[in-house]
Amino acid sequence: MEQECVFCKIIRGEAEAAVVYEDDKIIAFMDIAPASPGHLLVVTKEHYENIYEVPDDLLAYVVVMAKKIGMAARKALNADGLSFFQTNEKGGGQEIFHFHFHVIPRYKGVALKIANRKKISLEERKRYAEKIREALREFL
């Protein structure tokens, strides 16, 4: 399953992504079909199918980094707030079976649309990623 996992392909450099942050444990990149401008994903580098498989210390690290990256996204994009979203198993709404957190900047008066999202270009994702990378320096 891991070889066909799109997130594993991104981690191995076999698929393109607009990367915001990367270290030895996680990678954060822009969502291909954002629920709002600046929607990004924080993904474990090691393949775990869902939250039940992730070691507790790594889970804690992911949450801390999602917070920091989210704060950078909020600042960089002048968002009014943030939503953090994580799903498990098909019945829970999980679509990509590699553990990840959604970090979604929110804007006043704009409803959050999780379903029926539209893909955006890699160039547009890279523009958002650059803004958030610049702001992230303050939070690391």
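Predicted model only: the values in this text are computed from it and were never measured.
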Test L112 against I104 for side chain to side chain contact (heavy atoms under 4.5 Å, CB included), laying out the working first. CA-CA 9 Å; L112 182 62; I104 306 171; 3.7 Å; yes
Any donor-acceptor pair under 3.5 Å linking the side chain of H102 with the backbone of P34? no
Before giving the answer on side chain to side chain contact (heavy atoms under 4.5 Å, CB included), spell out for F99 and I51 the whole-Å C-alpha distance, their side-chain angles and the decisive distance to 0.1 Å. CA-CA 6 Å; F99 175 76; I51 198 169; 3.8 Å; yes
Rounded to the nearest 0.5 Å, what's the gap from OG1 on T87 to CZ on F97? Could you check? 8.0 Å
Just wondering, do H47 and I11 contact through their side chains at under 4.5 Å, heavy atoms? no
To the nearest 0.5 Å, atom CD of Q86 lies from atom CD of Q94 at 7.0 Å
Can you tell which of F7, F101, Y128 makes a ring pair (Phe, Tyr, Trp, His ring centres under 6.0 Å) with F29? F7
Hey, does the side chain of D80 reach the backbone of K108 with a donor-acceptor pair shorter than 3.5 angstrom? yes
For K45 and D23, indicate whether the former's side chain and the latter's backbone hold a donor-acceptor pair under 3.5 Å. yes
Under the salt bridge (Lys or Arg N to Asp or Glu O under 4.0 Å) rule, collect the residues that match up with R74, sequence neighbours excluded. none
Validation row: V42, Y21 side chains within 4.5 angstrom (heavy atoms): no
Within the 4.5 Å heavy-atom criterion, are M65 and L140 side-chain neighbours or not? yes
Measuring from I69:CD1 to I132:CD1, what's the distance to the nearest 0.5 Å? 9.0 Å
Between H98 and T44, is there a side-chain heavy-atom distance shorter than 4.5 Å? yes
Can you tell me how far NE2 of H100 sits from CG of D31, rounded to the nearest 0.5 angstrom? 7.5 Å
Could you tell me the separation between the OG atom of S121 and the CZ atom of R127, rounded to the nearest 0.5 Å? 6.0 Å
For A79 and P105, work out which heavy atoms get closest and say how close. CB-CB, 3.8 Å
So, using side-chain hydrogen bond (donor to acceptor under 3.5 Å, both in side chains) as the criterion, who are the partners of E134 when residues are at least two apart? none
Verify the neighbour count for atom CD of E53: are there more than 12 heavy atoms of other residues, nucleotides or ligands below 6.0 Å? yes
Salt-bridge criterion met for R133 and E130 (N-O under 4.0 Å): yes
